[in-house]
There are 2 protein chains.
Amino acid sequence: MDILKDLGELAIGSRLRRLSDQMMNDVKAIYKNFGIDFNPKWFPVFYTLVKHEKLAIMELSEQLNITHPAVIKLAKELQKEGYIDSEKDTEDRRKRYLKLSEKGRALLPELELAWKDMAKGGYDLLQNKQNNLLHAIQEVEYALREKSFFHHIKEARIERMLKAIKIVDYDPKYADEFKKINYNWIEKYFKVEQADIEALDGHQEKILNKGGYIYFAMYENEIAGTCALIKYSDERYELAKMGVKDKFKGIQIGKKLGLTVIAKVRALGGKVLFLESNKSLKPALNLYTRLGFKEIPMIGGSVSDYERADIKMEIRF
Amino acid sequence: MDILKDLGELAIGSRLRRLSDQMMNDVKAIYKNFGIDFNPKWFPVFYTLVKHEKLAIMELSEQLNITHPAVIKLAKELQKEGYIDSEKDTEDRRKRYLKLSEKGRALLPELELAWKDMAKGGYDLLQNKQNNLLHAIQEVEYALREKSFFHHIKEARIERMLKAIKIVDYDPKYADEFKKINYNWIEKYFKVEQADIEALDGHQEKILNKGGYIYFAMYENEIAGTCALIKYSDERYELAKMGVKDKFKGIQIGKKLGLTVIAKVRALGGKVLFLESNKSLKPALNLYTRLGFKEIPMIGGSVSDYERADIKMEIRF
DNA sequence: ATTATTTACGTTACTAGTTACATAATAATA
DNA sequence: TATTATTATGTAACTAGTAACGTAAATAAT
């Protein structure tokens, strides 16, 4: 019975570790069986020094993808065994070069035979399989360089949550959430202005009664975010009061709300959808740009009702 | 630059470990990012308890393929966090059952969502590759159950050494080796008898001059083993004085020597090749059987020259 | 020329497991 | 029934690495 096996992707880390431990142990036993006084953990450092004559601690650390304290520890053990020597760099007095000693070089022929056997044994073990472990690792390592496991998981989460997000129309029972979410971000980054109070506390009169809309993003039974569409005329609309709760940040709820508003304006036959914002709100501005908004000059025409507004954007239909 | 990559089978253990560490670290970061107070190393124990209600330490250890001290440590931490409870078995007072606590069960829905995301993220990472890592591990784990890595390597070594073993004819310069190898095993397992001294010290007269042969197995420039073919008549031959040096044991040098002797008897037109041995020498008797020798009764006919002889075998041509 | 930053190496404390051993309870056996 | 073996759990010491921090030397910036 092996639970890890049945857990698939969830336990991949543990299984890799288990397999690694098992194989390393066998290699340890092999050196002993062959009568060679050599610890398999020394192999990477030792082998690299065979190939490179002399190398500094950091150079080894980089080549082997292990931390420098690990290199230092291994070097200490190898020096204790007498397999390597170390010498100071003459130019850079911080640097210390490691190289094989006489004794190390004397051990080499014997080691090389053992390595040959291990390579052959490993080859026999890994060959003739449907999926080659070595190549599989290669491919995964490569894929991880493109996008980390962390990133993969985050994307899976975003996808899952986004799929569960539903945009719903205004309902008086959500009125408090509309106010709370907006007061929250306004107080966090700026200060509440008169126009905010009018639009939020007076949203029925100032937004809805004037032919505007308020939308909510629902995740299961919880409000995750909101935004308003304010009507100025049959041609002219404003996207405003968009906010997303902290715990739902980063899963593109804003995008979903924005697309809803844009679709609505299009359906209403509007000609312009504009918005006002502040240049310090980088993620928001990125979103607006991705939604298709273009920056337009603030000066000339109407001046904003909001002190914090220092950028204006619009979409023309 | 990544040396491990270029080392193929030789560094497979280190690479597995490195990949494992990397993925485990990412999982750690994911729990943190999701705001869940959960350490990935708890996962196997926790998950198994989700599936099994209650389990004893040893039961977990067996299911997860980790040692019981590891289970105890994990259980301690999980108990400290309050995620599991433990209770004594009423019948067997040694046993202690672990089970999820209230708090553990309360955490479960949140964890399950995270696990879902991890499984999906892992799936996306591992899918659409030429070689599927999960399947590759599966296959290797399976193959290792049939024959361990240790065994694979040993076989590679045996194959390599056996290929390099050459059987050579008698030469006076090897006379001492013939004596030494044989006195060694005789003294180790039995005691030297008069007949031994005659056959070994007097091999020229007693074996070679009577139409017999002495063969040596050479590994590079070293004698690895030896055996003699004694002639009694044109029909009747004896295989005797077979010995292999300790450091060459286990690579089937005896088989190679035996086959040489059998071929020689066949070429000489002999009718019987017999040998005498001792029942305690199990590996030798196995070899003789594999070479085609059959046991024959000791009583009747000639009595052996050797006290230690308690079994007689022969091949008839 | 002085100061700040980076690099190279070293040390300490931690992590997640292992092996080896100890102890008590239970089961098997003479 | 007394003794022996086995099982379940626990503890201590070790392993092979990491992260975090410190120090000195070298390099870059002001």
Side-chain angles (χ1 to χ4, degrees), chain A residues 4 11 13-29 31-32 38-46 54-80 86-98, chain B residues 4 11 13-29 31-32 38-46 54-80 86-98:
Chain A
L4 289 192
S14 301
R15 268 177 96 189
L16 286 168
R17 174 71 186 266
R18 201 171 67 181
L19 189 53
S20 159
D21 285 350
Q22 199 177 337
M23 298 188 78
M24 303 274 247
N25 264 334
D26 273 22
V27 172
K28 206 172 201 169
Y31 281 117
K32 200 173 170 188
F38 195 80
N39 191 324
K41 73 176 163 173
W42 299 334
F43 173 75
V45 166
F46 193 95
K54 70 176 189 179
L55 286 169
I57 305 288
M58 284 309 293
E59 288 165 354
L60 277 162
S61 161
E62 274 153 31
Q63 293 230 357
L64 298 172
N65 271 309
I66 56 175
T67 58
H68 79 272
V71 174
I72 291 172
K73 274 186 193 168
L74 294 171
K76 261 183 191 160
E77 292 181 34
L78 280 162
Q79 262 183 298
K80 200 172 159 196
S86 95
E87 62 182 30
K88 282 266 169 198
D89 188 319
T90 45
E91 316 239 293
D92 186 336
R93 284 175 301 157
R94 293 169 305 178
K95 263 186 172 171
R96 190 183 129 210
Y97 286 109
L98 303 179
Chain B
L4 289 192
S14 301
R15 271 176 94 188
L16 286 168
R17 175 70 186 266
R18 199 172 67 182
L19 189 54
S20 158
D21 285 351
Q22 198 178 337
M23 298 189 78
M24 302 275 248
N25 265 333
D26 272 22
V27 172
K28 206 172 201 167
Y31 281 117
K32 199 172 173 188
F38 196 80
N39 190 325
K41 74 174 163 175
W42 299 335
F43 172 75
V45 166
F46 194 95
K54 71 177 187 178
L55 286 169
I57 304 287
M58 283 309 293
E59 289 165 354
L60 277 163
S61 161
E62 275 153 31
Q63 294 231 356
L64 298 172
N65 270 308
I66 57 175
T67 57
H68 79 273
V71 174
I72 291 172
K73 275 186 192 168
L74 294 171
K76 261 184 189 157
E77 291 181 35
L78 280 161
Q79 262 182 298
K80 199 173 159 195
S86 96
E87 61 181 31
K88 282 268 171 197
D89 187 317
T90 46
E91 316 239 294
D92 186 337
R93 283 176 302 157
R94 292 168 305 179
K95 262 187 173 172
R96 191 184 129 209
Y97 286 110
L98 303 179

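Chain letters run A, B, ... following the sequence lines, proteins first, then strands; residues in each count from 1. All of these numbers come straight from a predicted model, not from anything done at the bench.
Of the candidates D/dT11, D/dG10, C/dT11, the closest approach to any side-chain atom of A/Lys76 belongs to C/dT11. Relative to the side chain of A/Arg93, the nucleotides C/dT11, C/dT26, D/dA26 differ in distance, and D/dA26 lies closest. Candidate nucleotides C/dC9, D/dA8, D/dA16 were compared by shortest atom distance to the side chain of B/Lys95, and D/dA8 ranks first. Distances from the side chain of B/Asp92 to the nucleotides C/dA25, C/dC9, C/dT18 place C/dA25 closest. Counting only heavy atoms from C-beta on, B/Ile72 has its side chain closest to D/dT9 among D/dA26, D/dT9, D/dA16. For A/Ile66, counting side-chain heavy atoms from C-beta on, the closest listed nucleotide (D/dT18, C/dC9, D/dT9) is D/dT18. In the set C/dA16, D/dG17, C/dT18, the nucleotide with an atom closest to the side chain of A/Lys41 is D/dG17. The nucleotide whose nearest atom lies closest to any side-chain atom of B/Ile57 is, among C/dC9, D/dG10, D/dA16, D/dG10.
Scanning both residues, B/Gln79 and B/Arg96, for their nearest heavy atoms gives OE1-NH2, 3.0 Å. When all heavy atoms of A/Ser20 and B/Arg17 are compared, the pair lying nearest together is OG-CB, 3.3 Å. The two residues B/Met23 and A/Leu16 come nearest to each other via the heavy atoms SD-CD1, 4.1 Å.
For a distance-only test at 3.5 Å, the side chain of A/Lys73 qualifies as a donor-acceptor partner of the base of D/dG17.
Summary of the strand contacts: A/Met24 and A/Arg94 both lie near DNA chain D, and taking for each the nucleotide with the nearest heavy atom, the more 5' one is attributed to A/Met24. The 5' end of DNA chain D is approached more closely, in terms of each residue's nearest nucleotide, by B/Met58 than by the other of B/Met58 and A/Lys28. Comparing A/Lys88 and B/Ala70 by the nucleotide of DNA chain C whose heavy atom lies nearest to each, the residue mapping closer to the 5' end is A/Lys88. Residue-to-nucleotide proximity on DNA chain C shows that, of A/Asn25 and B/Asn39, the 5′-proximal contact is made by B/Asn39.
Going from atom CZ of A/Arg15 over to atom P of C/dG17 covers 16 Å, rounded to whole Å. What separates CZ of A/Arg18 from C1' of C/dA16 is a distance of 16 Å, to the nearest Å. As a whole-Å value, the separation of B/Asp89 CG from C/dT26 P is 9 Å. Residue B/Asp21 contributes atom CG, which lies 9 Å from atom P of D/dA19 at whole-angstrom precision. Rounding to whole angstrom units, CG of residue A/Leu74 and C1' of D/dT18 are separated by 13 Å. Rounded to whole Å, atom C1' of C/dT18 lies 14 Å from atom CG of B/Asn65. Across the protein-nucleic acid pair, A/Trp42 atom CH2 and D/dG17 atom C1' stand 16 Å apart, rounded to whole Å. Counting to the nearest Å, the P atom of C/dA20 and the NE2 atom of B/His68 are 13 Å from each other.
Counting any heavy atom pair closer than 4.0 Å across all strands shown, A/Glu77 reaches no nucleic acid atom. Among the atoms of the strands shown, none is found under 4.0 Å from any heavy atom of A/Glu59. Contact annotation for A/Arg96: backbone-only contact, meaning every heavy-atom pair under 4.0 Å involves sugar-phosphate atoms and none involves a base.
In the displayed structure, B/Lys32 atom NZ is contacted under 6.0 Å by at most 12 heavy atoms of other residues, nucleotides or ligands.
With no hydrogens or angles considered, a side-chain donor-acceptor pair links A/Tyr97 and A/Asp89 at under 3.5 Å.
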**Message:** side chain to side chain contact (heavy atoms under 4.5 Å, CB included), that's the test. Do A/Leu74 and A/Leu60 meet it? Break it down for me.
**Reply:** CA-CA 11 Å; A/Leu74 294 171; A/Leu60 277 162; over 6 Å; no
